[in-house]
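To start, the structure itself, in structure tokens.
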Amino acid sequence: MATVPSPVTSISPPKSKFNEKISRFETLNPPQNPLSLLPKCTSLKELKQIQAFTIKTHLQNDLNFLTKFINFCTKNPTFTSMEYAHKLFDNISRPDVALFNTMARGYSRSNTPIQAIPLFSQLLSFGFLPDDYTFPSVLKACSSAKALEEGKQIHCLVIKLGLNHNIYICPSLISMYTECNDVDSARRVFDKMLDPCVISYNAIITGYAKCSRPNEALSLFRELQVKSLKPTDVTMLSVLSCCALLGALDLGKWMHEYVKKNGLDKYIKVSTALIDMYAKCGSLKDAICVFENMSIRDTPAWSAMIVAYATHGKGYKAIETFEEMRKAGVQPDEITFLGLLYACSHNGLVDEGWRVFSSMSDKYSIIPGIKHYGCMVDLLGRTGNLDEAYKFIDELPIKPTPILWRTLLAACSSHGDVELGKRVIERIFELDESHGGDYVILSNLCARAGRWEDVDFLRKLMNDRGVVKVPGCSSIEVDNVVHEFFSGDGVNTVSTSLHKALDELMKELKMVGYVPDTSLVFHAEMGEAEKEISLRYHSEKLAIAYGLLNTPPGSTIRVVKNLRVCGDCHSAAKHISQIFDRQIILRDVQRFHHFRNGKCSCGDFW
DNA sequence: GTAGGGTTAG
């Protein structure tokens, strides 16, 4: 005999747990606020159920409720969207400023920040006055969208409304200008502040750090301390990145002590910035020490360590660290893979590089970006697979940047392939003719091959097109002061004691077998002596000589250069490390060279 | 219900 199903199971449709929660809520607390359900909500379906429920509670026209509801939507991009929030917003007949502010903040944090601008216009057209909640959001939106013009107009309105001293709006203004690459306007806003708080200091210091003006950032950091304002974790992130930019290890160590003393090392980001600082200042040992002392390591922390190993030429350690990261259950991201590919390219690990490259999309669902392609080009180029690299760029699924071709051009130069170099520079010129370095690299390549007619042609082309070379600049930190030297300083001017010392130094180097590589000098018509002088006052040599003269015997000389190290300076540095028994650590724009006992860690492969 | 944010090819 068939059993009769119980009425409960046969009549009610199957209910999800969430549905049950709502029903229970409904029966127990009929007229109460459904907002308390929001924290438990984890899908769009559930969100819609709560929305339906609001109608029963007669909250559908309650602005306060709707604002909180929309705010929740804008904060949970995993299962809801700004589009959804905007639909809800459009159905509200009489919004108020707070609701507009909530929408603007949502957009400013979304991947379509520019949408905050029409919303802002709408707010004005409704006759509302924006307040100190509105401006930070719309300014943040301008920052993310790099919308300088809109940002300036908003700044005007801030002034008109007399809000230009507001403590919430000022940092946003500063940050808007710096994010739009106008740090000088940001500084003007900062200077007009009557009593800038630490957040405003952070905004301007970060701005200077981002546009590579570390000295200005550091001098503001000192000012902040003089005023007895307390630096925060964010302050330290920026000043540590300034130490990294300058390669100023002693200053960086001081900052590390400061961080520890003020308990700021509890922030993972600060520790990650310390790893990066130590690595970029040439002390891999200290970077490892910070990493090993971290109790929690997130993806950026692991990535920073992998990048640190990679830039110091420890490719296998970088790969090993990645394995450890996987074992620790931390997910890699696109930066982790950049570090790994960088490690492979700088160690000539072609097979491993391809393996890493395919695994990123196959195993980890990370789509390679232009920088990953760049690493692959570098890997193929460095290892002499020049034609394969050319084909690789030509067949990319995305439009190559001039930088990609430039990478290959550098490889053509180190492998002495003039013909391919010429084809590559044509591809660069299709995209960009203004980059002085391209002319210089090809010209040097031609000069080494004795192709003087090509050298002349390139120089004329540069002149005709008004292209200028970026001057080489090297710096060295002595007693907490960073000294900068430019290539050619002293060639035509009155020479200083430093230049005289350098003249003597070169004589000594020649005695132990150093031969100036005058084939690297650009101008065919120069005499040998002239070429030698032009080489002698390269910025690297000036900085190293300064270090020799002004630091204790036996101590390490650390120099930072803005371009790639020149071949002649590389050779001179090897000899200097031997004669004077000094370790020289030279950071160029790409990597570290550790010179010791007449040898370099890069194995002359860079 | 407010602002500032580290790691990224060449």
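Chain letters run A, B, ... following the sequence lines, proteins first, then strands; residues in each count from 1.
- The CD1-C1' distance, from A:Ile174 to B:dG4, rounds to 9 Å in whole Å.
- Residue contacts shown for A:Ser303 include a base, since a base heavy atom lies under 4.0 Å away.
- Within 4.0 Å of A:Thr272, counting heavy atoms only, lies at least one base atom of the nucleic acid.
- Contact annotation: A:Arg406 does not reach the phosphate of B:dA9 (side-chain N/O to OP1 or OP2, under 4.0 Å).
- Distances were taken from every side-chain heavy atom of A:Thr206 (C-beta onward) to each of B:dA9, B:dG5, B:dG10; the shortest belongs to B:dG5.
- In this structure, the CE atom of A:Met294 is 10 Å from the C1' atom of B:dG6, given to the nearest Å.
- Across all strands shown, A:Asn101 has heavy atoms under 4.0 Å from base atoms, whether or not it also approaches the sugar-phosphate.
- Looking only at side-chain heavy atoms (C-beta outward), A:Arg188 and A:Asp191 stay at 4.5 Å or farther from each other.
- The number of heavy atoms from other shown groups lying within 6.0 Å of CD1 (A:Ile296) does not exceed 12.
- Of the candidate nucleotides B:dA3, B:dG10, B:dG6, B:dG10 has the atom lying nearest to any side-chain atom of A:Ala410.
- Within the nucleic acid shown, A:Leu409 has no heavy atom closer than 4.0 Å to any nucleic acid atom.
- If you check every strand for non-hydrogen atoms under 4.0 Å, A:Val234 touches a base.
- Among the nucleotides B:dG10, B:dT2, B:dG4, the one closest to any side-chain atom of A:Ile199 is B:dG4.
- As judged by a 4.0 angstrom heavy-atom cut-off over every strand, A:Ile167 is placed among the base-contacting residues.
- Among the atoms of the strands shown, base atoms are found under 4.0 Å from some heavy atom of A:Asp132.
- Judged by the 6.0 Å and 45° rule, A:Arg423 forms a cation-pi pair with A:Tyr390.
- Residue A:Leu338 contributes atom CG, which lies 6 Å from atom C1' of B:dA9 at whole-angstrom precision.
- Among the nucleotides B:dT8, B:dA3, B:dA9, the one closest to any side-chain atom of A:Pro171 is B:dA3.
- With salt bridges taken as basic N to acidic carboxylate O contacts below 4.0 Å, one links A:Lys280 and A:Asp276.
- Distance A:Leu38 CG to B:dG1 P: 13 Å, rounded to the nearest Å.
- No contact: A:Ala308 has no heavy atom under 4.0 Å from any strand.
- Distances were taken from every side-chain heavy atom of A:Ile335 (C-beta onward) to each of B:dA9, B:dT7, B:dA3; the shortest belongs to B:dT7.
- Rounded to an integer number of Å, the gap from A:Leu380 CG to B:dG10 P is 13 Å.
- Here the side chain of A:Asp378 is nearest to one of B:dG10, B:dG5, B:dT7, namely B:dG10.
- The shortest distance between the side-chain N/O atoms of A:His165 and the OP1/OP2 oxygens of B:dA3 is not below 4.0 Å.
- In A:Asp351, the CG atom is not crowded: 12 or fewer heavy atoms of neighbouring residues, nucleotides or ligands sit closer than 6.0 Å.
- The interatomic distance linking A:Phe392 (CZ) with B:dG10 (P) rounds to 14 Å, in whole Å.
- Note on A:Leu404: a base of the nucleic acid sits closer than 4.0 angstrom, heavy atoms only.
- Sorted by first and then second residue, the pairs that involve residues 136-147 of chain A and meet side chain to side chain donor-acceptor pair (under 3.5 Å), not counting sequence neighbours, are A:Lys146-A:Glu179.
- The interatomic distance linking A:Lys68 (NZ) with B:dG1 (P) rounds to 6 Å, in whole Å.
- Nearest nucleotide to the side chain of A:His346, out of B:dT8, B:dG10, B:dT2: B:dG10.
- Comparing B:dG10, B:dA3, B:dG5 by their closest approach to the side chain of A:Ser345 singles out B:dG10.
- Residue A:Thr232 is classed as a base contact, given a heavy-atom separation below 4.0 Å to a base.
- Among the protein residues, A:Tyr168 comes within range of the nucleic acid bases, having at least one heavy atom under 4.0 Å from a base atom.
- Proximity of A:Lys210 to the phosphate of B:dG5: a side-chain N or O atom is located under 4.0 Å from OP1 or OP2.
- With 3.5 Å as the limit, one finds a donor-acceptor pair spanning the side chains of A:Tyr201 and A:Lys227.
- Atom NZ of A:Lys371 is separated from atom P of B:dT8 by 8 Å (rounded to the nearest Å).
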